[in-house]
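Report on one structure; see the data block that follows.
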2 protein chains.
Amino acid sequence: MTPQPSARERLLDAADDLAARQGMRATPVDEILGRAQVSPATLYAHFGNKDGLVVEALRRRLSRWEVTWQACVDEADTPEDKVLALFTALARHRSSHTPSRWCVFLGAAAETPSPGSELASTLADDTRLLVDRLESIAQEHLAGVPARVLAHRISLVYTGVLGMILRGSEVDPVIAEGRAIAALAIRSLADGAAPADT
Amino acid sequence: MTPQPSARERLLDAADDLAARQGMRATPVDEILGRAQVSPATLYAHFGNKDGLVVEALRRRLSRWEVTWQACVDEADTPEDKVLALFTALARHRSSHTPSRWCVFLGAAAETPSPGSELASTLADDTRLLVDRLESIAQEHLAGVPARVLAHRISLVYTGVLGMILRGSEVDPVIAEGRAIAALAIRSLADGAAPADT
DNA sequence: GTCTATACAAAGATAGAC
DNA sequence: GTCTATCTTTGTATAGAC
């Protein structure tokens with residue numbers, strides 16, 4: 001007898017799932033309500049409006065992503081693998097959560113030319129987490145490598161993987177490809193900082 | 001006395017401009033009509049519906065992009081520069097056309113979970129042009145390098161640049177960064193195929 | 001907090017005249 | 001081909017009862 005989750009939880013689950021699959025703008029409120037088995041009034045009582053609900057769902061997703069990523073960093077052995085754990089995390093995240101068409105945050109950004117301040121800050125949080133976390137991992141584990149530069153380059157490659165998924169690339173191969181390119185970027189910057197031995 | 005372009009041209013210009021700035025789905029028909037100074041009936045007489053108009057505008061944009069890219073390839077001197085001309089072309093395209101928020105084709109894909117067949121094929125054309133053209137450039141100018149692999153890797157990096165622009169990165173620096181990463185990918189594959197001279 | 005019913009707004013498309 | 005006026009559908013949000 002699994003007790004049914006609260007209306008609030010059901011709304012968040014439905015909004016998250018549908019935004020991931022179809023995009024937040026492409027998903028009408030009615031569809032979220034139908035999926036959650038909740039009436040309109042309940043949604044607006046809890047979240048104020050559709051954007052409020054979506055923002056909450058995105059925040060929850062971001063914090064889950066952060067946990068997954070951190071776990072993959074912790075599991076990695078070598079310094080290089082700790083930086084590249086980003087790609088392991090992406091694969092794991094995609095298999096453990098509701099399937100998203102590419103990236104829910106980039107998708108929301110693409111769908112929303114003029115996001116409200118709450119949405120904008122949530123989307124910015126996603127990018128900030130990406131770049132800053134990469135930088136701190138690099139700083140901690142790859143002494144001598146310019147961490148900020150590395151973080152930007154790997155962010156670019158990671159974002160490219162997501163974009164290629166939107167283009168229709170198969171997920172696992174393109175993640176592997178991104179990982180390979182990122183590894184190249186790491187070695188290149190490492191060589192530059194401390195010229196090749198041998 | 002510049003003669004006013006036909007209603008059809010004005011519609012294409014307006015749709016292209018607005019789709020580039022805001023996204024096709026985020027742009028209401030009324031706004032296109034207002035910008036083009038055209039009445040609704042005219043739009044539907046020419047293009048059938050909104051999607052028909054957008055698809056035509058996207059096709060026109062794609063063919064212009066192809067021209068710009070080819071010109072940059074022709075102008076490049078070294079084999080490596082011919083492959084990397086993609087990034088020169090991106091910078092040039094962005095400065096010579098109406099400013100787009102990131103990429104009109106990826107934007108349309110992101111906004112449209114279930115595109116109609118015409119739109120879907122136009123979006124696929126964009127990706128196919130990207131990958132296939134890169135492959136043929138590599139085949140022609142970089143003998144011995146696995147052209148298909150190279151084309152995929154550079155497509156990924158290029159797509160990453162576009163995605164980073166969506167994330168809010170400054171355009172010129174991120175294009176330069178993408179170019180640098182792509183150069184790395186080229187050299188890596190070249191070294192693998194024909195071990196370094198010297 | 002939650003429901004039913006409904007109001008209100010936006011957007012896509014068409015009718016009929018010229 | 002093009003216009004004015006209007007219809008239809010869809011989508012967001014609220015009123016009022018329980």
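These figures come from a predicted structure and were not determined experimentally. Throughout, a chain's letter reflects where its sequence line sits, starting with A, and its residues are numbered from 1.
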Ignoring hydrogens and geometry, is there a side-chain-to-backbone donor-acceptor pair from A:Arg10 to A:Pro5 under 3.5 Å? yes
Return the residues of residues 49-57 of chain A meeting this criterion: a heavy atom under 4.0 Å from some atom of DNA chain C. Order them by number, or give none. none
Which of these, A:Asp17, A:Asp16, A:Asp125, sits in a salt bridge (Lys or Arg N to Asp or Glu O under 4.0 Å) with A:Arg61? A:Asp16
Per-pair distances, 0.1 Å, donor-acceptor, side chain in residues 163-170 of chain B, under 3.5 Å, sequence neighbours excluded:
unit_1	atom_1	unit_2	atom_2	d
B:Arg167	NE	A:Thr159	OG1	3.0
B:Arg167	NH1	A:Asp126	OD2	3.0
B:Arg167	NH1	A:Thr127	OG1	3.0
B:Arg167	NH2	A:Thr159	OG1	3.4
B:Ser169	OG	B:Met164	O	3.3

Phosphate-side-chain proximity, B:Tyr44 and C:dT14, N/O vs OP1/OP2 below 4.0 Å: no
Hey, are B:Arg21 and B:Glu31 close enough for a salt bridge, meaning a charged N less than 4.0 Å from a carboxylate O? no
Qualifying residues under ring-ring contact (aromatic ring centres under 6.0 Å, His included), relative to B:Trp69, sequence neighbours excluded: B:Trp65
I need the NE2-C1' distance between B:His46 and D:dG1, as an integer number of Å. 6 Å
Spacing of B:Asp30 atom CG relative to D:dA5 atom P, expressed in whole Å: 15 Å
Heavy atoms from C-beta onward define the side chain here; which of C:dC3, D:dT4, C:dT2 lies closest to that of B:Ala41? D:dT4
Between C1' of C:dG12 and CZ of B:Phe47, the distance in whole Å: 16 Å
From B:Asp74 atom CG to B:Lys82 atom NZ, the distance as rounded to the nearest 0.5 Å: 6.0 Å
Close residues, residues 8-29 of chain B, relative to DNA chain C [heavy-atom separation under 4.0 Å]: B:Pro28, B:Val29
Whole angstrom value for the distance that separates P of D:dT10 from CD of A:Glu31: 13 Å
Salt-bridge contact A:Asp13-A:Arg60 (side-chain N to carboxylate O under 4.0 Å): yes
Qualifying side chain to side chain donor-acceptor pair (under 3.5 Å) pairs with a residue from residues 100-119 of chain B, counting only residues at least two apart or across chains: B:Arg94-B:Ser100
Send over the distance from A:Leu43 CG to D:dG11 C1', rounded to a whole Å. 13 Å
If you look only at distance, which donor and acceptor atoms sit under 3.5 Å apart when one is on a side chain in residues 134-142 of chain B and the other is two or more places apart or in another chain?
unit_1	atom_1	unit_2	atom_2	d
B:Glu135	OE1	B:Arg148	NH1	2.3
B:Ser136	OG	B:Arg133	O	3.2
B:Ser136	OG	B:Arg133	NH1	2.8

Interatomic distance, B:Ile32 CD1 vs C:dG12 P [rounded to whole Å]: 8 Å
